[in-house]
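Note sheet for the following structure.
Start at 1 with the first residue, then count along the sequence.
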Amino acid sequence: KKKAWLDGDWDIFAGQYFETFNYDVHVTEPNMVPDLTIPDLDIWCALDYGFKHYTVCYLFCQYDGVIYVVDEYAARRELISTNVAGINQMLEDNGLDVSDLSNFVAGADVFAKKGDTGESFADEFSRCGINLRSANVARKAGAGKILQMLGDVKQGIEPSLKISSRCTGLIECLPAMMHNPKDPEDVLKVDTDDQGRGGDDHYDAFRY
């Protein structure tokens, strides 16, 4: 299934949430992403932290009214220090460091205080040099915003979203998201299995 999506086979299936996702329309080559050294370019990151599930981080920029998903970091069962090193490497690969970002947001669970220490995962990230802010985690609003950005080429509505082909996890995950049968306006929550297959961690990081 992953190879089919990456090869551009985006056949719409029953229950698919983001039916307007089209590989040929929304996926771009890295050399088509704006130069990240453009003055006053808005650049930011979003994170979904996990251990059994994936930790996923996306690098974004906005240029000329279009949001670009520039790059992707994803890892499973890694220490926070290792994740931070991987994220920093992703930024370095794009000629950036954390100080170049206008914002770095994460889901609410990373800010929850742990009973044994009274600290949060966000505190650990901070000690490693990444200061996180709380993302807007409203699921329906986030899904609606993504639908809006995808546009609809069949109706002549241009997209305001481009995804670099480097972001293979998101390209696989986004079109696989389904309507929640108990709440069709929401995206169905899907967990990663014990072997690290499936799940919606890439979608959640992108939504944040």
Side-chain angles (χ1 to χ4, degrees), residues 2 6 27-38 40-63 66-114 117 119-137 142 145-146 149 161-174 191-192 196-208:
K2 177 177 180 178
L6 297 183
V27 178
T28 189
E29 292 305 311
N31 63 352
M32 299 301 292
V33 171
D35 181 353
L36 298 181
T37 64
I38 295 173
D40 300 321
L41 186 69
D42 191 15
I43 307 169
W44 69 98
C45 280
L47 173 80
D48 184 39
Y49 172 71
F51 185 78
K52 178 182 177 182
H53 296 179
Y54 283 92
T55 293
V56 183
C57 180
Y58 285 107
L59 173 63
F60 298 89
C61 75
Q62 185 168 13
Y63 179 74
V66 177
I67 290 178
Y68 291 83
V69 192
V70 178
D71 210 344
E72 171 185 275
Y73 166 80
R76 183 168 172 263
R77 297 189 181 278
E78 297 287 0
L79 297 175
I80 285 177
S81 58
T82 303
N83 285 315
V84 169
I87 292 166
N88 283 333
Q89 184 62 59
M90 175 187 69
L91 293 174
E92 183 180 333
D93 290 344
N94 289 278
L96 304 170
D97 62 38
V98 173
S99 66
D100 295 309
L101 304 177
S102 65
N103 208 355
F104 204 132
V105 300
D109 54 345
V110 81
F111 299 97
K113 299 295 183 181
K114 295 178 287 185
T117 64
E119 291 193 332
S120 67
F121 292 124
D123 293 325
E124 293 186 48
F125 274 96
S126 181
R127 282 198 295 274
C128 293
I130 292 181
N131 295 312
L132 299 170
R133 298 178 183 175
S134 182
N136 182 346
V137 297
K145 180 65 174 179
I146 293 167
M149 291 192 299
L161 173 71
K162 294 288 185 178
I163 303 170
S164 168
S165 60
R166 293 175 177 173
C167 303
T168 55
L170 180 60
I171 294 167
E172 176 187 359
C173 182
L174 187 61
D191 288 332
T192 304
R197 296 173 300 209
D200 57 6
D201 304 303
H202 292 80
Y203 166 69
D204 277 343
F206 168 63
R207 174 168 60 88
Y208 298 155

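Distance alone, capped at 3.5 Å, places no donor-acceptor pair between the Glu124 side chain and the Ile80 backbone.
Not counting sequence neighbours, the partners of Glu119 by the side chain to side chain donor-acceptor pair (under 3.5 Å) test are Arg127. Take Lys145 and apply the side chain to side chain donor-acceptor pair (under 3.5 Å) test, not counting sequence neighbours, and it matches no residue. Legend: residues meeting ring pair (Phe, Tyr, Trp, His ring centres under 6.0 Å) with Phe121, ordered by chain and number and at least two apart, are Tyr49. Considering only residues two or more places apart in sequence or on other chains, Asp201 meets the salt bridge (charged side-chain N to carboxylate O under 4.0 Å, His left out) condition with none of them. Scored by the side chain to side chain contact (heavy atoms under 4.5 Å, CB included) test, Ser134 finds Phe111 as partners (sequence neighbours excluded). Checked against ring pair (Phe, Tyr, Trp, His ring centres under 6.0 Å), Phe60 has the following partners two or more places apart in sequence or in another chain: Trp44. Taking the ring pair (Phe, Tyr, Trp, His ring centres under 6.0 Å) definition, one finds that Tyr203 meets it with Phe18, sequence neighbours left out. In terms of the side chain to side chain donor-acceptor pair (under 3.5 Å) criterion, Asn88 has no residue partners (sequence neighbours excluded). Residues satisfying the side chain to side chain donor-acceptor pair (under 3.5 Å) test with Ser120, not counting sequence neighbours, are Asp123. Applying the ring pair (Phe, Tyr, Trp, His ring centres under 6.0 Å) rule to Tyr208 yields no partners; only residues at least two apart in sequence or on another chain are considered.
Between the CG atom of Asp200 and the CZ atom of Phe206 there is a distance of 13.5 Å, given to the nearest 0.5 Å. Distance CG/Leu161 to CD1/Ile146: 8.0 Å, rounded to 0.5 Å. In this structure, NE2 in His202 is found 12.0 Å from CG in Leu174, a value given to the nearest 0.5 Å.
Contact annotation: the side chain of Asp204 never approaches that of Val56 to less than 4.5 Å [non-hydrogen atoms, C-beta and beyond]. Residues Leu59 and Leu36 form a side-chain contact, since some pair of their non-hydrogen atoms from C-beta on lies under 4.5 Å apart. In this structure the side chain of Ser164 never reaches within 4.5 angstrom of the side chain of Val70, judged on heavy atoms.
Between Tyr73 and the choices Asp93, Leu91, Asn83, the side-chain contact (heavy atoms from CB on, under 4.5 Å) rule is met once, by Asn83.
Applying the salt bridge (charged side-chain N to carboxylate O under 4.0 Å, His left out) rule to pairs touching residues 162-171 yields Asp71-Arg166, sequence neighbours excluded.
Remark: Asn31 CG is packed, more than 12 non-hydrogen atoms of other residues, nucleotides or ligands lying under 6.0 Å away.
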Under 3.5 Å, which donor-acceptor pairs link side chains of residues 100-108 to any protein atom two or more places apart or in another chain?
unit_1: Asp100; atom_1: OD2; unit_2: Asp97; atom_2: N; d: 2.9
unit_1: Ser102; atom_1: OG; unit_2: Asp42; atom_2: OD1; d: 2.6
unit_1: Ser102; atom_1: OG; unit_2: Ile43; atom_2: O; d: 3.1

